[in-house]
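Numbering of residues begins at 1 and proceeds along the displayed sequence.
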Amino acid sequence: MKDPAHARAIGLLVIASFCWSLGGLLIKAVDWPPLAVAGMRGLFAGLFLLATNRPLRFTFSRAQLIGALGYAACTVTFVAATKLTTAANAILLQYTAPVWIALFGAWLIGERATRADWLTIVVVLAGMTLFFAGGLDFSGVLGNSIAILSGVCFAAMTLALRSQKDQSPVESIILGNLLAFLVGLPWIVSAPPLNAVGWFALLLLGIVQLGVSYWLYARAIRHVTALEASIIPVIEPILNPVWVMLMLGETPTSLALLGGVIVLTAITLRAIASIRGAASRSAPHAPRESEFEV
């Protein structure tokens, strides 16, 4: 007996990860400072989500505001980390988010990590380390610290969105995007004019890479645990250079390919186990995991 809502939510997370993974390719087409790009794509994403979600309820509750602040801070700190350390460091350290969720999920929202969860986290981080081995450089203390902070912010956002599973988490994402726009506004004002290709890439960044992805993410997180919502999207940084390779010819190393296979295998096995587990919990003799009290 399957849990259709949970299985569908896993699929939505995978599609959202595909959308997120377009960022590296599209950002290369926008000749603007990183914070200007982050701000303008936030505006486009916020407007897209405002137009495609009804009804909206901006209660400005603690969970809604923490979700918004976590989202905006995750975006801004990741951009800052990318400027201050290597891109590989920034991505790897941001995706320590599942560790923070596993540590604090039981305390904050009543979702305890299993041994299988911890094993998946260890394997995924090992695979990502191999994948980005050529670009890792842990000498930049400030940049690496900000990258870790970005992971903490991503975890806080995910936990806050998950705690709103019985309400509507999309309002937090809209507020977070608009806040990211305000943070990037000074850089947008002083940025040089863009050509048509640059504006088209910005629209895709806002509408597809953030807007569509978080439209899907907000619906998925109602039916998956916070840890699932942070582990499964780890395929995003693996796919990101794939699009760059296909479009721009940047070929990954053998270690990167091995690391990518390890990550994708671990995520696939975790998703299959998660769907099977949700199916057993949906049987009459067991409670569903998606019905945890907050």
I'd like to know if the side chain of [X] and the backbone of [Y] have a donor-acceptor N/O pair within less than 3.5 Å.
X: Y95; Y: A90; answer: no
X: Q94; Y: I91; answer: no
X: T96; Y: L92; answer: no
X: S190; Y: P186; answer: yes
X: W100; Y: A156; answer: no
X: S172; Y: Q64; answer: yes
X: S213; Y: C19; answer: no

Quick check: do [X] and [Y] have side-chain heavy atoms less than 4.5 Å from each other?
X: I238; Y: F131; answer: yes
X: L203; Y: F44; answer: yes
X: V124; Y: M128; answer: yes
X: N177; Y: T75; answer: no
X: L216; Y: L13; answer: no

[X] [atom1]: over 12 foreign heavy atoms closer than 6.0 Å:
X: F58; atom1: CZ; answer: yes
X: D31; atom1: CG; answer: no
X: W20; atom1: CH2; answer: yes

Under 4.5 Å between side-chain heavy atoms, hopping through other hydrophobics if needed: is there a path connecting [X] to [Y]?
X: I232; Y: W118; value: yes
X: V99; Y: I148; value: yes
X: I66; Y: L179; value: no
X: V183; Y: V189; value: no
X: V122; Y: V234; value: no

Atom of G39, atom of I188 and distance for their closest heavy-atom approach =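 Scanning both residues completely, I find the closest heavy atoms to be C-CD1, 3.8 Å.
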Test of ring centre spacing under 6.0 Å for F154 and Y71 = no
query = Under a 4.0 Å N-O cut-off, is there an ion pair linking D117 with R112?
reply =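 No, this pair does not count.
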query = Is E111 paired with R162 through a side-chain N to carboxylate O contact shorter than 4.0 Å?
reply = yes
